[in-house]
Structures are given as structure tokens and as C-alpha cells.
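Here's the structure, in C-alpha cells; my notes come after.
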Number of protein chains: 2
Amino acid sequence: MKKYLAVLGKCPLFYGIKEDELLRMLGCLGAKTEFFDKKYTVFAEGARAKYIGIVLSGSVQITQVDFYGNRSILSVIGAGQVFAEAFACAEVEEMPVSVVANEPSEIMLLECAHVLHTCGNHCAFHRQLIFNLMKDLATKTITFHKKIDITSKRTTREKLMAYLMHEAKRAGSNSFDIPFDRQELADYLEVERSGLSAEIGKLQKEGVLESRKKHFTLL
Amino acid sequence: MKKYLAVLGKCPLFYGIKEDELLRMLGCLGAKTEFFDKKYTVFAEGARAKYIGIVLSGSVQITQVDFYGNRSILSVIGAGQVFAEAFACAEVEEMPVSVVANEPSEIMLLECAHVLHTCGNHCAFHRQLIFNLMKDLATKTITFHKKIDITSKRTTREKLMAYLMHEAKRAGSNSFDIPFDRQELADYLEVERSGLSAEIGKLQKEGVLESRKKHFTLL
DNA sequence: CTCCGTTTGTTGAAAATTCAACATATTTTC
DNA sequence: GAAAATATGTTGAATTTTCAACAAACGGAG
């Protein structure tokens, strides 16, 4: 587990926990790691939510596919970030989403039951862990507010611009990369890919933005 | 504070905390209560997130209004439920939403800083409080998943049906009341009120459902 | 009971999205 | 480096939503 310390140190779940304690905790938490190639499923919709996931390298997408095959991307989780924690903590029977590797990714899984209920050892740190988990969940909720803020707009153009503004703000620059290709961006914004492409074209002609693949610049 | 014990006992935030302890805690948490008439603002968008709110009676709506005046309703919070906890826990500078009383409502406000950081007394219960808050946040995240599941549908009809299915499931019956009037339902589903009315009319003609005001029956 | 304000339903025209199909880039693979 | 596979852009027709305006139904207040 030692080789993962650099990433885990940046994981908000382990904030304030020293490396040697962290290593011992991972044992108690039933930590195991798995490798997933691009497009492979980490958790399938409908599965029991038993594990809290941490991305050690690569990234995963949280997706939902409806009855007619429309995919909706809820979020992208990068290295050092946590996923599926809400379902695990809320102890839901069936996950309403799938988690799919976005690229070759190493994933750490923690036994949720071990995270929620202290095992008798290391209790001081366990307390910190719970506190961190709470903060993480609060942050996640805000991520969803952001997504709803974007997708509640009524037109493709407004959704796109709202999204790009958020990304520019996050990047701290009007020039930035997004983690989506066109189809994925459409699935995140909940619009048609073709309409999205057309809108990006128009906005470029109008001089509002420039884009080449995943790189965007707001003008 | 005694008169609120019945509601607070049902509040997930205080699960597992005895009444006498609860009363003492409320002091430490800086609890105060306020009354809001229908349509009055509890928290305004842009305000600093200092308080965790609890609905003692009545209900509140979490809403967002965009640049062009389109209102989006994120959720409705009823008696015994908690709101604004995510912003308080994540310590955001500006609330991205407003909280508005849906009917005459009594609201309890807790100082967030007192909830997050133990004050020296009652630590055993404070720990339980943090744990409860974590569970609550996990549940909230799932509520947002539900909303995204609904609003990611592409047509008014699909959004409406997805919403009604969820409500029927929650009610455990195909006949149930919803907490929205037509305009509010439209703002929750992120669609036009007139289009929504038309769609409800069509679905009734088709024999898919019956509705009178806030009461719906799926056939 | 009647008046008045609010909510809900209805309509038609304008605007936007979806859908399917294809052209063109771009990337991957061998 | 060529072929195959994937991603992106483009188009027009059909569908759907939005918008504005008005009619009808409903609910209180007096």
C-alpha cells in the first residue's frame, strides 16, 4: 500500500491523518486495490453499495442510462477523489448509477461497514475519518448543485455557456481543458451531440469562444 | 425549547440522542427559532452559509433563480428535515440557492461552527451528531440523484412520468399528493408550465393518469 | 353570494431540440 | 504508413418546447 501514499495524502478522506496511521487504518478498513481498463465497469447500476471507492490513478465517470439508452453523465472523479460514498453511507440496496473507468485506472475500495463503524483500534483517527467523510459529502452535494444550475438552463447554448463559465472559474483562467469529448459533454449537459457541435460552431463564428478538441478559450 | 422536542425527536440529525441531552446540546449549538410567513425568505442567495436549518413546522423550498428570472426548485423540505447543511459544512462563502417558506413555518437555526467543532461538553453526543450529519448528507446526495434522474429526461412527458413514478414509489401507492402546484411542479421539472398543463391533460385523455389539483393517480 | 385575485388550462406561432444520415477529421491499430 | 475505427461537424425534416396571451376554474374576503 505504501506506493499509494502520495495520492492518498491528497485524498480529502484522509486529511489530518499521518502516513503511518493511514497505513494501519487501511488494514482495518479492508482496503483493496483493483485495476480497470478504459470503459470497464467498477460498479454496475443495481449493485449493492458496499464499498467506498477512491481513484488512485486515472479517472472514472458516474453515469446513468435510462430505459431508451440515453446516457447521462453525473460527474467525473479524478485521482485522489472519492466516489460511491453517498450510496455506501446511506446504505442503499441498489446503486442508481454505474461507475465506469474513463481511462486505465487504479481504484481502491474500502469496506463501507468498516468505515462507518469503528473497529476498536485507532479511534481518534476514525473520528477524523468520519469528519472528513462528512466534509466530502457536503462538497459532493455542492457539485450536484452546480450540475443542476447548469442543466436547468433551457437551451443548449445556455447550458454550454454556464458549464464553460464554471470551468473557467475553477481553472482560474479563460483558457482551460475539459474532461469530456463531445459526446460526453452532451451527456453531461443533457443535450444532443449534434446540436452541441452546431452550437459550439456558432459561438466560434460569433467570436465568443475558441475550441480545439477538449481545449476551450472564452473570449 | 421543550415544545419542539416532538419534532426534533424525528429529526435525523438527533437520532440516538436522548431528550434531556438534546435540550442541553441545543444551548451549545446556539439554537434559535424564527417564524416565517409564506413566501418569506429564510436564507437569500449569496448570503454567507453560517447556519444549519431545521424545519419545525411548515415547509421550505430550496430555489435558484437564474439571470433571466427562471426559477428552479431543487427540493422541498418538510417538518423535521434539515436544510442548508451542505453549504454550512462545506463552509461556502456564498449560498448558491435561496430558502423560501412554502407556508407559515417555524425554523430552527443552529450555528454551524458549533456543530462542526466540539465545544468541550457532551462530546459523546457531539460525535453522534457528526455521524448523523454525515448520514443526512449522504441521503441528500441521493435526493439530488433522483432529481437529476428526472430532469435528465428530454421531454416534458418523460420528466413528468419519471417524477410521478418516484412519488408513487415513495407513497407506496399509485394514488398520492404532490407538494407542488402546477407552476412549482414545472419549476421542479425544469419545463414550461403551459406545456406541463397540456401534457397532464393529454395523459388524462389517454387514460394513463388522473389528477385533480395536487392529487395524482397512476392508472 | 359576489367580487377579485390566483391558479390552471388552451391555443397558435416562433424558436429550439431531436433524430437520422452522411461528410470530414482524427486516432488507433497493425 | 495505410486501413479501420472512432470522433466531430453539418444538414434538413419532424418533433417538442417556449412564449405570450387569453379563457376558464377555483378560492377567499367581505
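Chain letters run A, B, ... following the sequence lines, proteins first and then strands; every chain starts at 1.
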- Would you verify whether the NZ or CZ of Lys135(B) falls within 45 degrees of the ring axis of Tyr15(B) while also being under 6.0 Å from that six-membered ring's centre? no

- Taking all non-hydrogen atoms of both residues, which atom of His114(A) and which atom of Leu29(A) are closest, and how far apart? O-CD2, 3.6 Å

- Should the heavy atoms of other residues, nucleotides or ligands under 6.0 Å from CZ of Phe35(B) be counted, would the total exceed 12? yes

- Message: Based on the rotation axes of five pairs at each end, what angle does the helix from dC1(C)-dG30(D) to dC30(C)-dG1(D) bend through, to 10°?
- Response: 50°

- Minimal heavy-atom distance between Tyr188(B) and Leu74(B), with the atoms involved, is CE1-O, 3.5 Å

Between N or O atoms, less than 3.5 Å apart, protein on one side and nucleotides 22-30 of chain C on the other: list the pairs.
none

- Query: When the ring planes of Phe83(A) and Phe43(A) are compared, do they come out parallel, tilted or perpendicular, using 30° and 60° as the limits?
  - Reply: tilted

- Query: Which heavy atom in Lys202(B) sits nearest to a heavy atom in Arg157(B), and how many Å separate them?
  - Reply: CB-NH2, 4.1 Å

For residues 164-177 of chain B, run the donor-acceptor check on the side chains, cut-off 3.5 Å, and write out each pair with its distance to 0.1 Å, sequence neighbours left out.
| residue | atom | partner | partner atom | Å |
| --- | --- | --- | --- | --- |
| His166(B) | NE2 | Asp149(B) | OD2 | 3.1 |
| Glu167(B) | OE1 | Arg170(B) | NH2 | 3.3 |
| Glu167(B) | OE2 | Arg170(B) | NH2 | 3.2 |
| Ser173(B) | OG | Ser175(B) | N | 2.9 |
| Ser173(B) | OG | Ser175(B) | O | 3.1 |
| Asn174(B) | ND2 | Leu218(B) | O | 2.9 |
| Ser175(B) | OG | His215(B) | NE2 | 2.8 |
| Ser175(B) | OG | Thr217(B) | OG1 | 3.1 |
| Asp177(B) | OD1 | His215(B) | ND1 | 3.0 |

- Task: Specify the closest pair of heavy atoms between Ala101(A) and Asp37(A), including all atoms of both residues, with the distance to one decimal.
- Result: CB-O, 3.4 Å

- Message: Which heavy atom of Leu110(B) sits nearest to which heavy atom of Ala31(B), and what is that distance?
- Response: CD2-CB, 3.6 Å

- Message: Both conditions, 6.0 Å and 45 degrees, for the charged tip of Lys214(B) above the ring of Phe180(B): are they met here?
- Response: no

- Query: Taking only residues two or more places apart in sequence, or in another chain, which ones meet Glu103(B) in a side chain to side chain donor-acceptor pair (under 3.5 Å)?
  - Reply: Ser59(B)

- Task: Using chain A heavy atoms and a threshold of under 4.0 Å, write down where along DNA chain D the contacts begin and end, 5' to 3'.
- Result: dT8(D) to dT18(D)

- Item | Reading 5' to 3' through nucleotides 12-19 of chain C, protein heavy-atom contacts under 4.0 Å coded B for base, S for sugar-phosphate only, - for none | ----SSSB

- Could you pull out the closest heavy-atom pair between Lys3(A) and Glu106(A), with the gap in Å? NZ-OE2, 4.4 Å

